[in-house]
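Written below as structure tokens is the structure these notes are about.
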Amino acid sequence: MSATTAKVRKIFTSAIGTDNPVFAQILGICSTLAVTNVFKNTLVMTLGVVFTTTLSNFTVSLLRKHIPARVRMMAETLIIATYVIIVDLFLKAYLPDISKQLGPYVGLIITNCIIMGRAEAFALSNGPGLSLVDGLASGIGYSYVLLIIAFFRELMGSGTIWGFKIFEALNIPWTNWSIMVMAPGAFFMLAVFIWIVKGVILKEQEAS
Amino acid sequence: MDTGFAAVAIFFAAIFTNNILLTNYLGMCSFLSVSREIKTSLGLGAAVIFVMASTSFLNYIVYHFVLIPLGLEALRFIVFIIVIAAFVQLVEMVIERVSETLYAALGIFLPLITVNCAILGVSLFMVIREYGMLQSFMYGLGSGIGWFLAIMAMAGIRQRLKKAQVPKGLEGAGITLVITGMMALAFMGFSGMISV
């Protein structure tokens, strides 16, 4: 039992820290950049990704002995696409505004390399229980990076958090950096984020 | 005549003002990993142009003549990805038979393309923006050329960058993202030229 807990802990620490899908493996960058201009949309998007990675990892692991190696990729894609359709229909029914703003990026969860990568690298060679945990961990590792980036982009770009005009409420004069909500701001923001995190990791490595 | 003109406008907009990579962030994964060498960028870029133009057209036909009559629009994600994967597989087999030199130049990039999100993205944008048949094809072609342009420019810059001193934490992905950001800024200069 303790061996399993140790494994679970290792999965979580690697997904959130050293092997984080976004800043260490540079996967799933498309949606990292595209949806992070509004915090609320980002939260919905990350929940969709967590749902998809967790369940697709679980399903691939369950079926891993029955999928022929030749059509492995195709089968994985179909499993992922099934869950993405569930997310898409759910958003269309309950959150139609956000679904419209996210546009094609919900569908593009299918080609998010993180999900496919986890299915290939982990679910094919591990049991369903651990795969479920692994999918959840990488989903969370992806989500928190996006949420941090979205927080700063919305704050600097529109002066709001969750639509609440924070600078106005605090009486701080603030001119919106409109570049932050546009494409170049996204690239710069992610680059700075990677720079800071890598700097910290490099320092730790030097110290040890 | 009107739709023809609109198609031309869409074509140029897809290359410059609405570049699929620089304004819609699609195809970043392969962009970041392949842009190290000019030669490989050329091969992947050419393959992307071809596959993007063809699959946007194919997916238009499948969507409007199969999915809509059957009322299965919700299944478009699965169907589009199958069409793309099948098409790429087919092209790979044809190229392998027809020309060995072409296969050596393009063949290795084709499997990479199935998971390139820009290809699926173009088909999804085409549905959301309600393009017609000619417009879809021109949009796919233009987006492909726009992606090609971006990756070639980046490969050229990265070639020079090898000699530059980059802060340690920024090496690799970091500096590439900064440059992409600058390219996106430069391409914003085109905005206002065409509006779709």
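Naming convention: chains lettered A, B, ... in sequence-line order (proteins, then strands); numbering from 1 in each chain.
- Listed options Pro184(A), Gly28(A), Ala81(A) were ranked by heavy-atom pairs under 4.5 angstrom with chain B; first place goes to Pro184(A).
- Contact check for Val84(A) versus Ile78(B): no side-chain heavy atoms found under the 4.5 Å cut-off.
- Considering CG of Leu27(A) and CG of Leu32(B), their distance stands at 10.0 Å, rounded to 0.5 Å.
- Counting non-hydrogen atoms of other residues, nucleotides and ligands closer than 6.0 Å to NZ of Lys162(B) gives a total above 12.
- For chain A, no part of Ile119(B) is nearby; none of its heavy atoms comes within less than 4.5 Å.
- Nearest approach of Leu22(B) to Phe187(A), heavy atoms of both residues: O-CE1, 3.8 Å.
- Only the side chain of Ala85(B) comes within less than 4.5 Å of a heavy atom in chain A; its backbone stays farther off.
- Using a 4.5 Å cut-off between heavy atoms, Leu89(A) touches chain B through its side chain atoms alone.
- For chain A, no part of Ile179(B) is nearby; none of its heavy atoms comes within less than 4.5 Å.
- Contacts of Ile196(A) with chain B are absent, with no heavy-atom separation under 4.5 Å from either backbone or side chain.
- From Phe80(B), atom CZ reaches atom CD1 of Ile110(A) across 10.5 Å, with rounding to the nearest 0.5 Å.
- Taking all atoms of both residues into account, the shortest heavy-atom contact from Val178(B) to Ala191(A) is CG2-CB, 3.4 Å.
- For Met188(B), the part lying under 4.5 angstrom from a heavy atom of chain A is the side chain only.
- Looking at Leu170(B), both its backbone and its side chain come within 4.5 Å of chain A, counting heavy atoms on both sides.
- Only the side chain of Met74(A) comes within less than 4.5 Å of a heavy atom in chain B; its backbone stays farther off.
- For Leu108(A), the parts lying near chain B are the backbone and the side chain together; criterion is any non-hydrogen pair under 4.5 Å.
- No more than 12 heavy-atom neighbours from other residues, nucleotides or ligands sit within 6.0 angstrom of CZ on Phe152(A).
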Every donor-acceptor pair from chain B to chain A under 3.5 Å, please, each on its own line.
residue	atom	partner	partner atom	Å
Asn24(B)	O	Tyr105(A)	OH	2.7

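- The number of heavy atoms from other shown groups lying within 6.0 Å of CZ (Phe12(B)) does not exceed 12.
- Residue Leu120(B) touches chain A through both its backbone and its side chain, counting heavy-atom pairs closer than 4.5 Å.
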